[in-house]
Q: 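Have a look at this one before I ask anything.
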Amino acid sequence: MTAIPDIRVVPRWRRSRAVLSVLGQLPLTGKIGLAILVFWLLVLITISVLPLPDPLAMAGRRLQPPSIEFWLGTDALGRDVFSRTLWGAVYTIPIAFAVVLSAVAIGSFMGAIAGYSGRWADSVIMRAADVTLSFPPILLAMTVAATLGPGLSNAAVAMVIVWWPIYARLMRAQVLEVRTREHVEAAIAGGAGRMRVLRVHILPLCWTPTLINATMDFGQVALLAASLSFIGLGASPPTPEWGSMISEGATRFYSWWIAMGPGLAILSIVLATSFLGDGLRDIFDRRSRT
Amino acid sequence: MLRYVIKRMITIPFLLLGVASVAFVLSQMTKGDPLAALLPERMMSNPEVVAAVKAEWGLDQPLPVRYGIYIGNLLQGDMGTSFTTRRPVAQDIAERLPATLELVIAAMIVGSSVGIGIGLLSARFKNSALDIGTRGFALLGSSVPIFWSGLIFLYIFTVRLDWAPGTGRLDARSTPPPDITGMYTIDALLSGQMTTFIEALSHLLLPALILGWTVTGIVARLVRSSLLDSLGQDYARTARAKGAPERVVLLNHALPNALIPVLTILGFTFAYLITGAVLTEAIFSWPGIGSYAVTASRSLDYPAIGGVTIVGATAFLLANLVTDIAYAWANPKIKVSQ
Amino acid sequence: MSDPLLAVDGLRIGFGPAKDGAEAVRGVGFTLEAGKVLGIVGESGSGKSLTMMALLQLLPGQARCSGSARFRGKELIGMRKSEIRHLRGKDIGCVFQDPLSAFNPVKTIGDQIVEAIRLHDRRISRRAAMKEAEELLAAVSIPQPDQRLRQYPHEFSGGMRQRAMIAMAIANKPALLIADEPTTALDVTVQAQILDLLRTLTRERGIGLVLITHDLGVVAGMADNIAVMYGGRFVEAGTADEIFYHTRHPYTRGLIEAMPKLDRPEERLVAIEGTPPSIWSRPPGCSFAPRCYFAQERCRQQEPELRDLEHTRSACLRAEELPPRETVAHAQDTGKDMTL
């Protein structure tokens with residue numbers, strides 16, 4: 001009897017050359033989104049060597065409108081808003097990345113278990129997801145953050161709690177669908193162990209929707225993180241975090257420039273991820289159709 | 001479908017129990033001492049108050065009993081006492097809820113009507129400059145941080161142009177209309193106070209526009225894609241073959257079909273609106289439960305924030321149920337077959 | 001009075017870029033006199049539906065259309081949108097293949113018929129139009145028309161839906177009715193009833209009918225004239241009798257063989273093997289050659305034009321040489337080589 005071959009189906013996007021080809025196929029908006037994200041990534045990497053005034057120290061007179069010296073003006077303590085805006089990337093981007101990564105890891109793990117094992121594990125996990133999704137996201141995050149106390153790391157934990165069920169549902173649906181495909185049944189018939197079937201034959205085919213969603217959620221997480229900081233539950237002054245900078249701007253009504261930089265920064269990230277996510281979805285949709 | 005709606009109705013109490021349980025667990029996690037979640041520090045020194053609170057919430061009892069008491073209190077509408085206002089949370093919320101409802105309903109009307117309008121224009125003039133422009137406007141609404149756009153709009157329309165009144169629900173010295181529904185615009189109309197109505201409406205307009213803008217994009221996008229889908233359907237061709245001009249095909253044939261999927265996302269947009277309302281209220285000093293929750297969370301007023309969260313989750317679940325029912329009602333195929 | 005009801009000449013429909021795009025309809029022409037029935041027969045993809053949709057400018061947006069189609073002497077191709085709109089549903093009615101998807105699912109049948117009436121005459125009140133719609137449903141033999149008016153399309157059976165569709169199509173007393181595969185989506189028993197209804201209505205009301213179908217049997221008892229379409233062209237045309245008894249084209253033969261015959265049930269049905277050519281990769285020469293039992297080398301090089309024969313007009317290079325139909329059927333059964 002011939003052994004049933006071990007069909008390792010690895011989606012094309014996991015190979016580095018394929019990644020480049022996918023990015024090349026992005027529509028114009030998707031490329032713009034990608035460019036914005038790359039810009040912020042470069043800022044993040046080079047921020048400490050950029051010739052910028054100290055974001056925490058007084059750089060000039062207080063509450064100056066934008067000028068050649070201070071591109072985005074100065075805030076109530078005479079700090080350079082432009083410098084503070086760029087420094088804000090140091091907080092928001094790693095936090096959003098960590099939150100999305102944790103939510104994807106926890107959610108996908110839960111979803112895979114639920115979808116693959118079924119029975120009581122499925123019920124327990126999915127009911128927990130249902131309950132979590134019954135909360136309006138910001139209220140749940142506020143409650144959790146209020147329980148744990150203010151601070152960026154607590155806000156991050158709160159956001160992971162808000163976001164994991166979305167990935168659990170996505171992964172569960174994918175696993176349920178892939179599980180019935182022929183190559184999986186062939187592998188089971190070939191005597192592969194349950195965990196091996198899940199790891200080798202099912203999961204590699206399940207990541208596309210998660211990847212697209214995670215791309216789009218990155219911006220939403222950054223937005224919620226800033227919202228929590230704005231409320232006072234995330235970063236606290238004098239941290240140059242975008243949400244708390246806008247919160248400082250809110251009390252200095254006539255000095256509109258204090259909030260301008262951080263506001264545009266958040267907007268650019270939300271727009272960029274939604275452009276990129278849309279572009280990726282178009283590409284994968286087209287592929288799955290052909 | 002009817003069976004589905006009933007099924008959803010049955011699950012709601014269970015979900016609410018889950019919500020309450022999460023709130024309970026979180027309240028138990030605050031700083032180790034459960035008393036800290038119920039009493040502000042300055043009242044801890046008063047032994048009588050401490051004893052009363054301990055008895056009411058069963059703090060000397062084991063955890064499962066405490067859980068039972070917590071749920072029981074909730075069922076009676078008791079969510080504890082706010083640290084900051086020192087009044088029962090339920091009472092605070094009841095007073096502030098109408099302001100939030102007024103804002104959210106107005107925003108929903110603005111957001112969905114503008115969204116449908118933009119979707120129609122986009123679908124009719126597909127890929128034109130108008131299409132791209134309106135879609136960009138809609139996308140901006142759902143991407144912009146509302147606590148920032150609120151500030152910018154206030155600066156432009158109130159400070160610079162003086163078109164809109166300042167923050168709050170009425171001018172500082174005005175008296176609110178008689179309390180009927182708690183929504184100032186409706187109460188003013190019901191009691192015939194036209195000047196108060198106009199004042200309340202002008203105060204409502206800017207926050208409602210900004211909040212509505214956040215859902216415009218979601219609605220417009222869905223309306224556009226489902227209109228384009230409908231316009232390619234056989235029944236649209238039939239309408240054209242009957243001699244209907246494209247405008248009639250769009251409005252009379254494509255739109256009614258395209259609005260059915262839009263109904264399904266209204267519940268989902270409600271979550272956006274609640275999130276946006278919390279932040280909008282904070283910016284516009286709108287005395288609803290959102291600004292209440294923000295104040296509460298800043299001072300770690302656990303009973304208050306927990307209360308708002310439970311109310312918010314209930315509203316969210318109800319909104320989803322209403323969506324399901326509306327969907328069943330709007331779709332003749334479903335309406336008749338059950 | 002000299003103008004025929006419908007005169008189509010040199011109609012071409014293409015997709016894609018004008019230079020190297022594909023042509024789906026390549027020079028089709030026919031005339032239809034008032035009150036007559038023309039059957040256009042062909043497999044799916046032959047271009048028969050596109051031809052008729054082109055007359056009403058109902059082609060998908062990216063299609064290119066040229067040639068001439070005169071309705072009562074007025075040119076339809078390139079007619080202004082505002083003008084053709086008044087012909088649609090008023091002078092030219094349409095019946096589509098799948099009545100379930102062709103009706104708007106969220107509107108009642110009554111509303112949709114009333115709309116068809118009122119689109120062309122605003123002076124008729126809704127109530128009067130509703131009354132008219134009821135009479136129309138009665139005219140197409142739908143029982144309890146007053147109640148049926150208030151129902152939604154999915155509450156109708158397939159046959160009743162198609163009757164309602166016909167009622168809607170004749171609501172404004174059109175001179176021309178285009179029926180695009182009106183019975184394909186229906187059960188066999190219902191098919192006969194719908195055809196019967198179409199025949200009666202058009203005859204009683206003097207409506208010219210273009211009946212598009214892939215099934216020669218559908219047009220057998222109905223059509224005055226028949227055109228057989230293949231690969232975007234008419235390959236044979238003639239009166240119904242001529243087509244059935246004196247066909248000179250191998251494709252028409254194939255279609256006739258594929259019809260069940262009630263008088264000789266023991267005879268085997270012969271399907272035409274292969275599939276019609278895609279419009280993107282049409283072979284040179286006769287389009288039918290790759291599937292033709294009689295094809296020779298020259299058939300694959302030279303595309304035959306439609307030409308007058310003794311009975312029909314046929315586009316086959318070997319039309320005159322081919323043996324009569326009966327012999328061929330026998331030969332195919334016995335597997336004898338008929339290449340001459």
Side-chain angles (χ1 to χ4, degrees), chain A residues 29 127-128 130-150 158 161 219-220 222-224 226-233 242-243 245-247 249-250 252-260 262-275 278, chain B residues 11-12 14-19 21-23 25-27 29-31 37 139-140 142-152 154-156 158-160 270-276 278-279 282-283 290 293-294 296-298 300-302 305-306 308-317 320:
Chain A
T29 49
R127 290 306 80 72
D130 287 347
V131 167
T132 315
L133 288 171
S134 305
F135 289 97
I138 198 170
L139 290 180
L140 181 58
M142 281 167 77
T143 316
V144 174
T147 305
L148 301 176
I161 293 177
Q220 294 300 321
L223 187 59
L224 187 61
S227 307
L228 288 175
S229 292
F230 173 79
I231 290 171
L233 288 175
W242 293 331
M245 285 171 74
I246 295 176
S247 165
R252 301 275 171 182
F253 214 69
Y254 290 79
S255 312
W256 52 269
W257 55 86
I258 300 180
M260 187 56 76
L264 289 176
I266 302 169
L267 178 61
S268 75
I269 286 192
V270 178
L271 278 179
T273 57
S274 97
F275 281 161
D278 264 353
Chain B
T11 61
I12 282 183
F14 290 101
L15 286 174
L16 280 177
L17 185 68
V19 166
S21 307
V22 171
V25 169
L26 288 174
S27 76
M29 281 166 60
T30 43
K31 296 189 201 129
L139 176 67
L140 211 55
S142 47
S143 308
V144 78
I146 194 166
F147 49 94
W148 174 66
S149 59
L151 275 183
I152 301 288
L154 262 178
Y155 177 74
I156 296 174
T158 306
V159 177
R160 270 283 137 96
F270 194 75
Y272 261 77
L273 285 175
I274 292 178
T275 301
V278 169
L279 298 163
I283 290 283
V294 169
S297 60
R298 276 184 185 147
L300 300 187
D301 183 348
Y302 190 80
I305 176 87
V308 173
T309 301
I310 290 172
V311 170
T314 312
F316 186 33
L317 287 172
N320 276 320

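Lettering follows sequence order; numbering is per chain, from 1.
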Q: For residues A/W256 and B/L151, determine if any side-chain heavy atom of one lies less than 4.5 Å from a side-chain heavy atom of the other.
A: no

Q: Is chain A contacted by the side chain of B/V144, its backbone, both, or neither, given a heavy-atom distance below 4.5 Å?
A: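 The answer is both parts of B/V144.
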
Q: For the candidates B/A313, B/G18, B/G312, B/S143, which exhibits the highest count of non-hydrogen atom pairs separated by less than 4.5 Å from chain A?
A: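 That would be B/S143.
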
Q: Is A/T143 in contact with chain B via its backbone, its side chain, both, or neither, using a 4.5 Å heavy-atom distance?
A: both

Q: Return the minimal non-hydrogen interatomic distance between B/F316 and A/L133, and the atom names on each side.
A: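 What the structure gives for the nearest pair is CE2-O, 3.2 Å.
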
Q: What are the two closest heavy atoms between B/V22 and A/V131, and how far apart are they?
A: CG2-CG1, 3.9 Å

Q: Would you name the heavy atoms of B/F147 and A/I266 that are closest together and state the gap between them?
A: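 Where B/F147 meets A/I266 most closely, the heavy atoms are CZ-CD1, 4.2 Å.
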
Q: With only heavy atoms counted, which part of A/L233 is less than 4.5 Å from chain B, the side chain, the backbone, both or neither?
A: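 For A/L233, the side chain is the part near chain B, not the backbone.
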
Q: Looking only at non-hydrogen atoms, find the nearest pair between B/T275 and A/I138 and report the distance.
A: CA-CG2, 3.5 Å

Q: What are the two closest heavy atoms between A/M260 and B/W148, and how far apart are they?
A: SD-CZ2, 3.5 Å

Q: Do you know which of B/I310, B/V19, B/L15, B/L139 has the most heavy-atom pairs with chain A at a distance under 4.5 angstrom?
A: B/V19

Q: Could you pull out the closest heavy-atom pair between B/S297 and A/M142, with the gap in Å?
A: OG-CE, 3.6 Å

Q: Hey, what do you get for CG (A/L140) to CG (B/L26), rounding to the nearest 0.5 Å?
A: 7.5 Å

Q: B/I283 versus A/F230: any side-chain heavy-atom pair under 4.5 Å?
A: yes

Q: Flag the one option from A/A146, A/G232, A/S227 with the top tally of heavy-atom pairs under 4.5 Å to chain B.
A: A/S227

Q: Does the side-chain contact (heavy atoms from CB on, under 4.5 Å) test come out yes or no for A/T147 and B/I305, once each step is laid out?
A: CA-CA 10 Å; A/T147 305; B/I305 176 87; over 6 Å; no

Q: Let's test your reading of the structure: which of B/I156, B/L154, B/L273, B/V308 forms the most heavy-atom pairs below 4.5 Å with chain A?
A: B/L154

Q: Looking at B/D301, B/I152, B/L317, B/L16, which makes the most heavy-atom pairs under 4.5 Å with chain A?
A: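 Top count of heavy-atom pairs under 4.5 Å with chain A: B/L317.
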
